[in-house]
Structures are given as structure tokens and as C-alpha cells.
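If you're wondering where the values come from, they're calculated on a predicted model, not measured in any experiment. Just so we're on the same page: letters track the sequence lines, and every chain starts at 1.
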Amino acid sequence: MNSFEKIYQHLFHMYGPQGWWPLMTMKKIGLICDYHPKDYNIPTTPSQIYEICMGAILTQNTAWRNVVQALTNLYHIHALDLKKTQAIHINRIKEAIRPAGYFNQKAKKIKEFNAFYFQLNYQIPSREELLSIWGIGPETADSILLYAYKQASFVVDTYTRRIFTNLGLIQEQMKYDEIKNIFEQHILADVEIYQEYHALIVQHAKQYYQKKDKYALDPLLKLPVLSPKSIQ
DNA sequence: AACCAGGACGTGA
DNA sequence: TCACGTCATGGT
């Protein structure tokens with residue numbers, strides 16, 4: 001087992017299954033943002049796939065709690081309803097997603113994505129196609145592929161950079177695709193593992209990588225695999 | 001009260 | 001290519 005696999009094992013042992021990507025579900029108490037640990041079958045409907053795509057756009061450089069509010073508002077104006085969303089004016093989208101920030105840009109991104117999504121006809125998009133859409137960068141594209149379409153495309157975010165730079169396994173200045181490739185070369189392509197790994201990285205980062213003075217406290221630094229001579 | 005959050009795009013050099 | 005500036009709300 002290489003360092004990247006050992007770290008995955010360790011994180012999974014620490015935090016358990018994360019149940020990403022969370023979905024909005026209507027319950028008696030109201031609209032709830034629900035995680036679904038160990039259920040790797042989700043998403044099962046086009047509507048759930050679409051909602052994940054919306055969340056992926058809305059969460060760009062934004063805390064998830066703010067995205068939940070935006071998704072809740074979108075739900076109430078029927079913008080998460082595949083039969084109705086195209087007809088909604090962009091200004092109404094803007095009002096709804098305001099809590100998630102960057103609402104002018106993100107409303108445009110949603111409209112751009114919609115134009116693409118509804119001509120897809122339920123096929124699986126390629127990474128290149130997603131990247132060609134205005135507003136969809138590498139991380140958003142990979143999130144959509146991995147969590148909405150169950151394609152084994154590893155997601156790299158700022159937390160991934162932070163943690164693995166601190167562990168000495170990558171260099172800070174590496175480009176997105178470089179880092180993505182390193183992970184994909186070290187970890188056998190598996191949708192469930194890729195989904196869990198990224199979610200675990202985010203969970204772990206929230207414990208040790210919010211502020212710089214905590215980086216040194218990361219228990220992963222003590223893993224034997226990270227001793228100088230065993231780093232590959 | 002700065003600082004950050006599950007980034008991406010536009011610009012000038 | 002690359003380093004910056006911009007986009008925006010809400011919690012700590």
C-alpha cells in the first residue's frame with residue numbers, strides 16, 4: 001500500500017463513511033440537507049443528478065451551509081424541478097441564490113449549465129464538455145463527474161492542496177491536473193473510494209486546516225509511511 | 001473586525 | 001503561461 005492509500009485508510013478509520021453528495025429532501029419537519037453514508041447508489045434520478053450539479057456550482061469558494069439556504073430557495077421557486085427550471089428568469093435565480101454569494105456570476109453559470117444539461121438528453125457528459133461550459137472549472141467538473149455521474153474522476157480542492165503539501169506528498173505550486181493525476185496514479189480507480197476520499201479530505205481539513213497554527217497538529221504527520229525514506 | 005468558505009474568470013505583462 | 005484582481009454572502 002502506498003502513502004495515498006494508507007492515508008485514505010486512516011481517514012476512513014477516523015471519520016467513517018461521509019455520505020456525499022448530500023441532497024435536499026422534503027420531510028415532515030421541512031426541507032433538509034441529507035447525507036447518505038454507505039449508500040453509493042445515490043443519485044438515482046435525473047432530478048438528483050441535476051441538484052448535485054447545482055450544488056457543485058453554488059459551493060464554489062462558499063461554505064456549504066450557505067449553499068443549503070440557496071438550494072432551499074431554489075426548491076421553493078421550483079428551480080430544481082426539471083420541467084420548470086428553464087422557464088425561470090435569471091433575476092429570480094439571483095434572488096434565490098443570494099445567500100451563497102457571487103449571485104450574479106452564479107446565476108449566469110446556472111443558466112449556462114442548463115443550456116448544456118438539457119441538450120445532453122440524459123447522457124453522461126465528458127470532462128472536456130463540462131470544462132467548455134462557462135463557469136465550470138476543473139474542480140466543479142470533477143465534482144459533477146464523480147458525485148452526479150459516478151465517474152471515477154478524482155476531485156482536487158484547496159484542502160487537498162493544503163493537507164498533502166503539509167504532509168510533503170505534493171508541492172504547493174503544482175497545477176490542478178498534476179495533483180489530480182498523482183492521486184489517480186496512486187489510487188485504483190473506484191467511484192466509491194474517490195467519493196469517500198474527497199469527502200474525508202474536506203472533513204479532516206475542517207479539523208486541522210482552518211488556521212495555519214493547527215497544521216502541525218495533524219495526526220497524519222505521525223504516520224510511519226510519511227517517514228522521509230518511505231516517501232515515494 | 002479581519003478572515004475564510006467544498007473556485008473560476010478576466011486582464012495585463 | 002502567470003500573477004493578480006474581481007466576484008459577494010454569512011459565520012467565526
Does anything in residues 203-223 of chain A pair up under salt bridge (Lys or Arg N to Asp or Glu O under 4.0 Å), and if so which pairs, sequence neighbours excluded?
none
Pairwise salt bridge (Lys or Arg N to Asp or Glu O under 4.0 Å) hits with a residue in residues 104-132 of chain A, at least two apart:
Arg127(A)-Asp142(A), Arg127(A)-Asp177(A)
Provide the full list of salt bridge (Lys or Arg N to Asp or Glu O under 4.0 Å) pairs with a residue in residues 184-203 of chain A, sequence neighbours left out, each pair given once.
Lys180(A)-Glu184(A)
Ring-plane angle category for Tyr35(A) and Trp20(A), please: parallel below 30°, perpendicular beyond 60°, tilted otherwise.
tilted
Once you apply a heavy-atom cut-off of 4.0 Å, does Tyr197(A) come out as touching a base, just sugar-phosphate, or nothing?
nothing
Measuring centre to centre across the rings, with the benzene-like ring taken for any Trp, is Phe12(A) within less than 6.0 Å of Tyr197(A)?
no
For DNA chain C, determine which residues of residues 131-161 of chain A have any heavy atom closer than 4.0 angstrom to one of its atoms, and list them numerically.
none
Could you give all pairs that pass the salt bridge (Lys or Arg N to Asp or Glu O under 4.0 Å) test and reach residues 24-51 of chain A, with sequence neighbours left out?
Lys27(A)-Asp34(A)
Is there a side-chain contact between Arg162(A) and Tyr215(A) (heavy atoms, below 4.5 Å)?
yes
Residue list, side-chain hydrogen bond (donor to acceptor under 3.5 Å, both in side chains) with Lys94(A), at least two apart or on another chain
Asn104(A)
For Tyr15(A), all residues meeting side-chain hydrogen bond (donor to acceptor under 3.5 Å, both in side chains), sequence neighbours excluded:
His204(A)
On DNA chain B, nearest-nucleotide positions of Gln105(A) versus Lys108(A): which is more 5'?
Gln105(A)
Taking only residues two or more places apart in sequence, or in another chain, which ones meet Arg65(A) in a side chain to side chain contact (heavy atoms under 4.5 Å, CB included)?
Ala63(A)
So the contacted stretch of DNA chain B, first to last nucleotide with an atom under 4.0 Å from a non-hydrogen atom of chain A, runs from dA5(B) to dG10(B)
Name the orientation class of the two ring planes belonging to Phe113(A) and Tyr50(A) (parallel below 30°, tilted from 30 to 60°, perpendicular beyond 60°).
tilted
Test Thr72(A) against Met24(A) for side chain to side chain contact (heavy atoms under 4.5 Å, CB included), laying out the working first.
CA-CA 8 Å; Thr72(A) 302; Met24(A) 306 299 293; 3.4 Å; yes
List the residues meeting side-chain hydrogen bond (donor to acceptor under 3.5 Å, both in side chains) with Gln48(A), not counting sequence neighbours, and say none if there are none.
Thr44(A)
For DNA chain C, the residues among residues 52-77 of chain A that have a non-hydrogen atom under 4.0 Å from it
Asn61(A), Arg65(A), Asn66(A)
Considering only heavy atoms of chain A and a distance under 4.0 Å, specify the first and last nucleotide of DNA chain C in 5' to 3' order that meet this criterion.
dC2(C) to dG11(C)
